[in-house]
Amino acid sequence: MNLSSNPLAHRTILTVPHSENPFRDVRRISSPWLTRKFGSAPLTSGHHHLDQMSVLTNHAAYLADGEEHAIRLQLREDKPEATWRTTITAVAFEDSSALLSVSLEVFSDDDTPLTPVRPGLVRDLVQDLKPIDGPAPLTLDAQSVSAEGVDALIDVLCDPARHMPVIVAARPLRPDPLWSERMAKAMRDCAGAAALYLLVDTEAVDAFRAAIGEYHRVAPGAVRTFLTEVDPAWPKDAPRHRFLTVAHMSDSQDHAWRGLARTVQRLSTEAPLPDALRTLAFPDDASRRHRQERQVALATVRPSDELAVMQQGRRRPQGPTRPSGRGAEGGGTDRRAVDTDRGLAGRAASRRNGTGGRGHGGGPACSGRRGASAR
């Protein structure tokens, strides 16, 4: 992964439909994850040194009445190969819903190839908080779909409120341990980045084919990733929704199945932040912004008029001059003036250089999915 231009290696955004206290839940779920890594999980506000290379910073934002509105837990790990920064952010709303994001940024120290993986905390949050994407629940494992449940699955695929992919797999005709093992691994890695479904038998496969049409079908043993805005009535829409055949899934020499998780995680990372998360500000953010503004102001400082007069006054006459009559005292005064000028000029130059003064739709055709072509 090339992290030189963009350090964001992963991001997951979760919508929690209901939580009495999402901040308590996030802290509770994050605590075991941190404890497994560092042996402790200080979750009070402030900076906490977990070891010689790792710092956890916790922030909270409050409403006017003093109630928590948002929290941010940020873990920074300064390792030899890179600085790794994991950020968990949560914001709550009046209807008891909440938005969460988990991001991983990697600031590489050199050109050493790195392979960041999604934080395991994402699975813990999905398991505990029961997030949704539109009408689709996000789960750790694929939800079983029988022939009777196909209509509900079609509604999920065509819903305009859906923002994440939907992965639909169909059980193979004969038991296949390798297929089952790969599916389980892929579903674990896709959890939180896609809604997951499994057509459990041939009756479900046939019902799904009849409902969605020939071009968008999922054959036994195949796995298909449906993007947003599925249009079953338009054959040319089908190639957008890539699939793996049972031959790919069951061949021990074929590793195309690994692309399932890579695809949905990449889409999750590239998805824009919702406004509620993008515009969120914490008290420390304002302090950092003020420091940056001050640094910019100091970098643009120019020598003052007073300094210009002093520099003009210390120029020596062009030719011999008569002693002032004060002998060594006058000479000493000149040296002090020169020293003062040098000090002020040095400070101004430092400020100019920025070093300071010191050394350091759902498509419209979905309504016609029963056979009426929209085009």
Test of understanding: with side-chain contact (heavy atoms from CB on, under 4.5 Å), list the residues that count as partners of F38, not counting sequence neighbours. L34, L50, D51, S54, L75, E77
The criterion is side-chain contact (heavy atoms from CB on, under 4.5 Å); which residues satisfy it with M164, sequence neighbours excluded? D133, L138
Members sharing V200's hydrophobic cluster, built from side-chain contacts under 4.5 Å between Ile, Leu, Val, Met, Phe, Trp and Tyr, are none
Shortest non-hydrogen contact from [X] to [Y]?
X: A193; Y: S268; result: CB-CB, 4.0 Å
X: A142; Y: M187; result: CB-SD, 4.2 Å
X: L100; Y: V26; result: CD2-CG2, 3.6 Å
X: Q253; Y: D251; result: N-OD1, 2.9 Å

Does Y215 have more than 12 heavy atoms from other residues, nucleotides or ligands lying within 6.0 Å of its OH? no
More than 12 foreign heavy atoms under 6.0 Å from CD of E270: is that the case here? yes
So, do [X] and [Y] sit near enough that their side-chain heavy atoms are less than 4.5 Å apart?
X: V16; Y: P22; result: no
X: H10; Y: P119; result: yes
X: L157; Y: Y197; result: no
X: F226; Y: V156; result: no
X: V145; Y: V150; result: yes
X: V91; Y: H69; result: yes
X: V102; Y: R118; result: no

Rounded to the nearest 0.5 Å, how far apart are [atom1] of [X] and [atom2] of [Y]?
X: W257; Y: M183; atom1: CH2; atom2: CE; value: 10.5 Å
X: Y62; Y: E68; atom1: OH; atom2: CD; value: 4.5 Å
X: E105; Y: W84; atom1: CD; atom2: CH2; value: 12.5 Å
X: D78; Y: Q52; atom1: CG; atom2: CD; value: 12.0 Å
X: C190; Y: R262; atom1: SG; atom2: CZ; value: 11.0 Å
X: L125; Y: T12; atom1: CG; atom2: OG1; value: 9.0 Å

Answer yes or no: is there a donor N or O on one side and an acceptor on the other, between the side chain of [X] and the main chain of [Y], under 3.5 Å?
X: R171; Y: V205; value: no
X: W179; Y: V246; value: no
X: R240; Y: T228; value: yes
X: T279; Y: D275; value: yes
X: R76; Y: T83; value: no
X: S31; Y: R27; value: no
X: N58; Y: P42; value: yes

What's the verdict on side chain to side chain donor-acceptor pair (under 3.5 Å) for H59 and T57, showing C-alpha distance, side-chain angles and the deciding distance? CA-CA 7 Å; H59 291 295; T57 303; 5.5 Å; no
Go through it in stages, so that I can follow the logic: the residues are R162 and D159, the test is salt bridge (Lys or Arg N to Asp or Glu O under 4.0 Å), and I'd like the CA-CA distance, side-chain angles, deciding distance and then a yes or no. CA-CA 6 Å; R162 179 171 67 86; D159 196 291; over 6 Å; no
Here's a test for you: under side-chain contact (heavy atoms from CB on, under 4.5 Å), which of V223, L199, L198, T225 qualifies with V168? L199
When you check the gap from the basic side-chain N to the acidic O, do D176 and R174 get nearer than 4.0 Å? no
Electrostatic pair R209:D206 at N-O distance under 4.0 angstrom: no
